[in-house]
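Worth saying up front: this structure is predicted, and the values here are computed from it rather than measured. Only heavy atoms go into these numbers, but all of them, side chains included; no hydrogens, no water, no symmetry mates.
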Amino acid sequence: MSTPSAPDTPALRIGPDVALACEDIEAAARDEHTRLRTTDAATEALASSRAALERARDAGRPVYGVTTGLGPLVDETVESDEESASAHGPSPEGDRGRKLIAHLGAGAGSFAPPPLVRATMIARLQTLVQGHSAVRPALVDEVIEVFESGLIPAVPEVGSLGASGDLTPLAHIARVCTGDGAVVTSDGELLDAAEALGAVGCAPVRLGRRDALGLVNGTAFMTAYAAHAVARGRRLLERAEALTGLIYRLLGCSPEALDADLHQARGHSGQVQSAAAIRDVATREGAHPSEERPLQEVYSLRCAPQILGAVREQLQHARDLVETELNGATDNPVFDTDGADVLHGGNFQGQQVAFAADALNEALTQAGVLAERQLDVLLSPDQNGGAPPLLAWEPGPNSGFGGTQLTATALVAEMRNDAQMAATSSIPTNGDNQDVVSMGALAARRAHGQTRHLATILSILGLALTQLTHLRAEGRAEGAAPDLPGWMPAVDPVREDRALRAEIDDLTDRWVTPPTA
């Protein structure tokens, strides 16, 4: 259906026979050269759902948004347009679809980052090709053409309640496709959408009412943010487990608290897996428990498998919900090609994603709390196995990692403040038609933001561990200085106090983003 890509261009297949994962959408959205390819099953599904709409219209059945008004105006009759007309023809339907989404072009706040906008477009297209949306099959090609052009619609982050889908963010994307609205350049400037489309050779899309509603009635915006948060969260969990293992190794902590039988006895699979991941790093060749360590370590070390294991299980729960949403039909109405032609309901209500994002937020926050407490262990002379206070090269004249710990503590406070539930923050709106809303976009945006906070805390912890090895290598701290794994930061020792902001940011960027293939 879409134009073949160059041989060296990555392509992502979408269709009802493809199950996209969170990492798929993250990687595809991050690469501006990604091409989208619809499967044969998608072609068939799009045609079947469009035929269902035609049958309903021929039978004179009311179809929400096509023959009716919107929201609380559903009882108002609207003259049905001929949606089977050409997308770029002279039919008045293009104006009707345009007007349908015009009032949604509101919103507030900063514009969503380009990868999140691209992920939103992928998520919405994956829903459309499930074959329950009844949009024109050609519409998918037209939106793919805009996606592959590299244009980034200017999408305000604030404005979705996650009830009738992500109406406002999706409307800004849809309006760009029609030549309305604005796109954001790589320099952050705004360009008129019609001019931008013309510059890349894309004709503005003319939307019928069903096409317009099909582009905006769905949970793609919240799902894009949640999918990124899940993918990032998985990488950061693995980093937190590995850093914990390094602390065990460097301090000579007894591996008894990591024993496989201990964790099997409790039975939580996430705990068993986290203990194994920590143990793998802690007990590698050359590791020697210290007789100077206490029988039982503080909880930030001894209970790390229990805490990170719980994070692991929350991540898996969030993944299951988000990936189901990513590959499902989130429209209203839903066109059932195997039975009743049109089913009016509320599949665009984003409560599942909202709950998943809140749960993920909670887990990420506790992982941040744990990492900050582990940092405190490294900086405290009564716990760090004979290293100087604050890991200062020369305590007194230098303050070592004192400033970075202040940053880590401040980040924990930020995470706690942003960890309050959004999924239960319903506010009735839309003339009381949307009387219970999910706040899924707010929940997902918060969870996504927490990944950056957590990555920064972990980066500070990683730099502190590196400093400890430098101190040991030059005899300023007790114990051996084993070779660090390749994923640890290669930074110079902090002999004289220096500003570490740039090094923290660099490591955070590396750890929060997916590795380059």
Side-chain angles (χ1 to χ4, degrees), residues 1-5 11-18 20 35-58 61 63-67 80-94 96-98 100-101 120-149 165 170 173-174 176-179 197 202-218 220 326-339 341-343 347-348:
M1 292 179 62
S2 43
T3 305
S5 61
L12 179 70
R13 287 164 53 84
I14 57 174
D17 52 338
V18 175
L20 294 181
R35 297 295 179 254
L36 301 180
R37 297 293 169 260
T38 52
T39 65
D40 291 342
T43 302
E44 297 174 6
L46 286 164
S48 295
S49 69
R50 187 64 179 186
L53 170 60
E54 300 292 349
R55 289 195 300 270
R57 186 169 56 197
D58 292 345
R61 296 190 59 187
V63 178
Y64 174 74
V66 176
T67 64
S80 177
D81 51 36
E82 291 297 319
E83 292 197 339
S84 58
S86 168
H88 307 298
S91 167
E93 68 167 280
R96 290 171 178 169
R98 215 167 174 177
L100 184 149
I101 59 176
T120 299
M121 295 177 76
I122 296 171
R124 192 63 202 146
L125 286 164
Q126 175 68 351
T127 288
L128 296 181
V129 298
Q130 298 305 304
H132 296 290
S133 302
V135 298
R136 290 178 298 106
L139 177 67
V140 170
D141 284 329
E142 293 158 2
V143 176
I144 288 177
E145 184 180 10
V146 175
F147 174 89
E148 294 182 349
S149 74
L170 291 176
I173 294 174
V176 165
C177 293
T178 66
L197 287 173
C202 289
V205 177
R206 293 180 63 85
L207 299 176
R209 289 178 63 86
R210 181 58 210 150
D211 288 347
L213 200 59
L215 287 179
V216 302
N217 255 176
L326 177 59
N327 296 290
T330 62
D331 299 86
N332 179 50
V334 166
F335 293 84
D336 180 5
T337 58
D338 295 325
D341 289 338
V342 54
L343 302 172
N347 275 8
F348 48 35

Between [atom1] of [X] and [atom2] of [Y], what distance do you get to the nearest 0.5 Å?
X: I122; Y: F147; atom1: CD1; atom2: CZ; answer: 4.0 Å
X: R209; Y: R98; atom1: CZ; atom2: CZ; answer: 15.5 Å
X: I101; Y: L170; atom1: CD1; atom2: CG; answer: 10.0 Å
X: L36; Y: I14; atom1: CG; atom2: CD1; answer: 5.5 Å
X: D211; Y: T178; atom1: CG; atom2: OG1; answer: 12.0 Å
X: C177; Y: L197; atom1: SG; atom2: CG; answer: 7.5 Å

Should [X] and [Y] count as side-chain neighbours, where that means a heavy-atom distance under 4.5 Å?
X: L20; Y: L12; answer: yes
X: T43; Y: P137; answer: no
X: L100; Y: L213; answer: yes
X: V205; Y: V143; answer: no
X: I144; Y: T38; answer: yes

Please find the pair of heavy atoms, one from [X] and one from [Y], that lie closest to each other, and give the distance.
X: V63; Y: P333; result: CG1-CG, 4.1 Å
X: S133; Y: D331; result: OG-OD1, 2.9 Å
X: A42; Y: G15; result: CB-CA, 3.9 Å

Side-chain donor/acceptor of [X] to backbone N/O of [Y], under 3.5 Å:
X: S49; Y: A134; answer: yes
X: R210; Y: V135; answer: no
X: Q126; Y: G328; answer: no
X: N347; Y: A329; answer: yes
X: R37; Y: A11; answer: no
X: S149; Y: V146; answer: yes

Using a distance-only test with no angle check, is there a side-chain donor-acceptor pair under 3.5 angstrom linking R124 and T330?
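Distance-only check passes for R124 and T330.
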
Identify, with sequence neighbours excluded, every residue that meets side-chain contact (heavy atoms from CB on, under 4.5 Å) alongside N332.
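N332 satisfies side-chain contact (heavy atoms from CB on, under 4.5 Å) with Y64, N217, H344, F348 only.
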
With sequence neighbours excluded, residues passing side-chain contact (heavy atoms from CB on, under 4.5 Å) with A41:
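side-chain contact (heavy atoms from CB on, under 4.5 Å) list for A41, sorted by chain: P16, D17, T39.
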
Residues F335, L343; criterion side chain to side chain contact (heavy atoms under 4.5 Å, CB included); working and verdict:
CA-CA 6 Å; F335 293 84; L343 302 172; over 6 Å; no

Near D58 CG, under 6.0 Å, is it more than 12 heavy atoms from other residues, nucleotides or ligands?
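Yes, CG of D58 has more than 12 neighbouring heavy atoms, counting only those of other groups under 6.0 Å.
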
side-chain hydrogen bond (donor to acceptor under 3.5 Å, both in side chains) partner of D341, the single match among R55, R57, R61
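Among the candidates, only R55 passes.
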
Going through the distances and angles, do L139 and L207 end up as a side chain to side chain contact (heavy atoms under 4.5 Å, CB included)?
CA-CA 8 Å; L139 177 67; L207 299 176; 3.6 Å; yes

Hey, are R35 and E145 close enough for a salt bridge, meaning a charged N less than 4.0 Å from a carboxylate O?
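So R35 does not pair with E145 through a salt bridge.
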
